[in-house]
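Structure, as structure tokens:
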Amino acid sequence: MSTNTTTPTLPPSLDLPPHLSAQKYFFVCTLTVLAWDALVLTPRSYRLGRLPKWPALKFMYYFMQFWVLADFVVTGVMFFSTTVIQDTDCVAFWPYEPICTAILMAVASAVHVMRISAIYDHVPNVRATMWGLYAVQIVVTALCCGFYRSVHLEDGQGCIAGPLNNASWVGIYWLAPTLLYATSFVLASLRSIRTLETRRVSYWRLMLRDGLNLYGAILLVNLINVFFYFIMTPTGPTDPIKTIVTSMAAVLTTTMSMRIILSVRGDLTNGGTFSISSHAASSSGANTHSLSGSGNRPRGVNHTFTLGDMRDATVAVAARKEGGEWDADKSSVTPREETKAVLPIIGEDVDSGIPRARTGLGVQITVDQQVEYDDGFPTRK
């Protein structure tokens, strides 16, 4: 007695090679990061758009925000499609991904060039170095776009672009921008370390204050991508292992570059400026007094404060700092002591008895805790 057993076969869309399956999972992670980042940056993008001027960095911010979606959403649709035909659809689609990604990386690198040039006050040597690396990147990526082809998968497995014949040298497409990001990270770190001579802060705070973690993240993900291109050995001509990290590298480079723009203190014109503290200089030269009884207060001076006086003084301070609205939105990178408000001392005119502000004097107020009293005053247990 014999029994006929048939082994069920999976459709090509489910019967994926290991490396192709890993790349699909990794691409899902990339799209998740992209969606989450777009959601998180929406409020800050709205506040940036309300600023009146449109310098180059602001334009590039919005260009990257929309171009990265146009690049990887369309690429993702074609990659996960189960109805595409390799010999027709994928052959016609393959130039889209390398060309769009090259444009995206060019804009992100331009942000680094402008920002590094700005924090070095546009020194000719630094500026020439950065723009030289940028020119090399533009030429190399443009030439390498012609050496990508559609990876010949089975029908139903999606469309994906990869190096022609899995040639490792095509990895210079990513090596050129990686060299620029390495230079950007080194120059930004050196510039930040120099500020320790005038103001000592912890290295952790230094990293967050000047966005060195953003430069480092961009460099790290691009280095990993380059290693995949030059070190990983494919199992065959249809093995996409060399391009597994490319989508994540491009997305993280874009999102971190957008955050570099958002971390600029003050105006974005001509790459912005480099400032240790946007408020330290204005408050260090003024005499400040503590509102607590333990503060050092000059003898013989009786200062009277009313809520109306403090409110009016606060409005005046806010009006003077209206141009620096963008600085107030960096609580994540600005040290706590840099966010203190300084209110003027209100005294009485000797002749008329009218309250007036005393020049050079101020009260420094820091809000440590806000307590709601809608439900009654707290009681001591």
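Atoms considered below: every heavy atom in the structure, side chains included; atoms not considered: hydrogens, waters and symmetry mates.
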Verify the distance criterion only: is there a donor paired with an acceptor across the side chains of T269 and K53 at less than 3.5 Å? no
d(I224 CD1, I244 CD1) to nearest 0.5 Å is 12.5 Å
Main-chain N/O of V28 paired with T32 side-chain donor or acceptor, under 3.5 Å: yes
Membership question, hydrophobic clusters at under 4.5 Å side-chain separation (ILVMFWY): are V111 and V264 in the same one? yes
Assigning hydrophobic clusters by single linkage (Ile, Leu, Val, Met, Phe, Trp, Tyr; side-chain heavy-atom cutoff under 4.5 Å), is M256 placed with W174? yes
CD/E97 to OG/S150 distance, rounded to the nearest 0.5 angstrom? 10.0 Å
Is it true that L252 and L220 fall in one hydrophobic cluster, defined by side-chain heavy atoms closer than 4.5 Å? yes
Find the distance between CZ (F185) and CG (L180) and round it off to the nearest 0.5 Å. 14.0 Å
Quick check: is L143 connected to I99 through a chain of hydrophobic side chains (ILVMFWY, heavy atoms under 4.5 Å apart)? no
To the closest 0.5 Å, what do you measure between CZ (F79) and SG (C90)? 10.5 Å
Might you work through the side chain to side chain contact (heavy atoms under 4.5 Å, CB included) test for H122 and N270, ending with a clear yes or no? CA-CA 10 Å; H122 302 281; N270 203 18; 3.3 Å; yes
Looking only at heavy atoms, which two atoms of G49 and K58 are closest? And how far apart? O-NZ, 3.6 Å
When you measure from the side chain of T255 to the backbone of V251, do you find a donor-acceptor pair of N or O atoms at a distance under 3.5 Å? yes
Determine, step by step, whether S109 and Q137 satisfy the side-chain hydrogen bond (donor to acceptor under 3.5 Å, both in side chains) criterion, reporting the C-alpha distance in whole Å, the side-chain angles of both residues, the deciding distance to 0.1 Å, and the verdict. CA-CA 9 Å; S109 297; Q137 173 185 334; 2.7 Å; yes
Would D210 and R191 pass as an ion pair if we require N to O under 4.0 Å? no
Is T101 reaching over with its side chain to a backbone N or O of P98, donor-acceptor style, under 3.5 angstrom? no
So, Y62 versus W54, ring centres under 6.0 angstrom or not? yes
In terms of the angle between their ring planes, are W131 and Y134 parallel, tilted or perpendicular, with boundaries placed at 30° and 60°? perpendicular
Does the Q86 side chain pair with the main chain of G158, one donor and one acceptor, at a distance under 3.5 Å? yes
Could you check if a side-chain atom of T254 sits within less than 4.5 angstrom of a side-chain atom of V107, using non-hydrogen atoms only? no
Flag yes if more than 12 heavy atoms outside F63 fall under 6.0 Å of its CZ atom; otherwise flag no. yes
Around Y25, counting heavy atoms of other residues, nucleotides and ligands shown, do more than 12 lie under 6.0 Å from its OH? no
Would the distance check show the side chain of S117 and the main-chain N or O of M114 forming a donor-acceptor pair, the cut-off being under 3.5 Å? no
Side-chain contact, heavy-atom cut-off 4.5 Å: R127 with V113? no
Would Y96 and V73 show up in the same hydrophobic cluster when neighbours are defined by side-chain heavy atoms closer than 4.5 Å? no
Distance-only, no hydrogens or angles: does the N222 side chain make a donor-acceptor pair with backbone N or O of A249 under 3.5 Å? no
Y120 side chain near N125 side chain, heavy-atom distance below 4.5 Å: no
Would you confirm whether D37, through its side chain, and V33, through its main-chain N or O, come within 3.5 Å as a donor-acceptor pair? no
So which residues get pulled into V40's cluster when ILVMFWY side chains under 4.5 Å apart are joined, directly or through others? W36, L39
Show your working on side-chain hydrogen bond (donor to acceptor under 3.5 Å, both in side chains) between T246 and Y229 and close with a plain yes or no. CA-CA 9 Å; T246 55; Y229 262 88; 5.4 Å; no
Non-hydrogen atoms of A161 and T243 that approach each other most closely: O-CG2, 4.0 Å
Nearest heavy-atom approach of L34 to F72 is CD2-CB, 4.3 Å
Less than 4.5 Å apart, side chain to side chain, heavy atoms only: is that true for T75 and F27? yes
Where W67 and C100 come nearest, the two heavy atoms and their spacing: NE1-O, 3.0 Å
Will you find, in the side chains of S45 and Y61, an N or O donor that is under 3.5 Å from an N or O acceptor? yes
At their closest point, which heavy atom of M130 faces which heavy atom of S184, and how far apart are they? CE-CB, 4.2 Å
Gap separating the CD1 atom of I138 from the CG atom of L133, nearest 0.5 angstrom: 12.0 Å
Any chance OH of Y203 has more than 12 other-residue heavy atoms, nucleotides or ligands included, within less than 6.0 Å? no
Do the ring centers of H112 and Y215 come within less than 6.0 Å of each other? yes
Looking at every heavy atom in both I160 and P240, which two are closest together, and how far apart are they? CD1-CB, 4.2 Å
I261 side chain near L268 side chain, heavy-atom distance below 4.5 Å: yes
Does the gap between the ring centers of W169 and F147 come in under 6.0 Å? yes
Checking I218 against I260 for the side chain to side chain contact (heavy atoms under 4.5 Å, CB included) test, could you report, in this order, the C-alpha distance in whole Å, the side-chain angles of both residues, the deciding distance, and whether it holds? CA-CA 11 Å; I218 293 173; I260 289 176; 4.2 Å; yes
Heavy-atom distance under 4.5 Å between the side chains of L41 and L262, does that happen here? yes
In Å, rounded to the nearest 0.5 Å, how long is the span from CG of D267 to CG of L51? 8.5 Å
Please tell me if the side chains of T195 and R209 come closer than 4.5 Å, counting only heavy atoms from C-beta onward. yes
For Y173 and A102, indicate whether the former's side chain and the latter's backbone hold a donor-acceptor pair under 3.5 Å. yes
Under a 3.5 Å distance rule, please check whether K242 uses its side chain to pair with a backbone N or O of P163 as donor and acceptor. no
Any side-chain heavy atom of L212 sitting closer than 4.5 Å to one from S192? yes
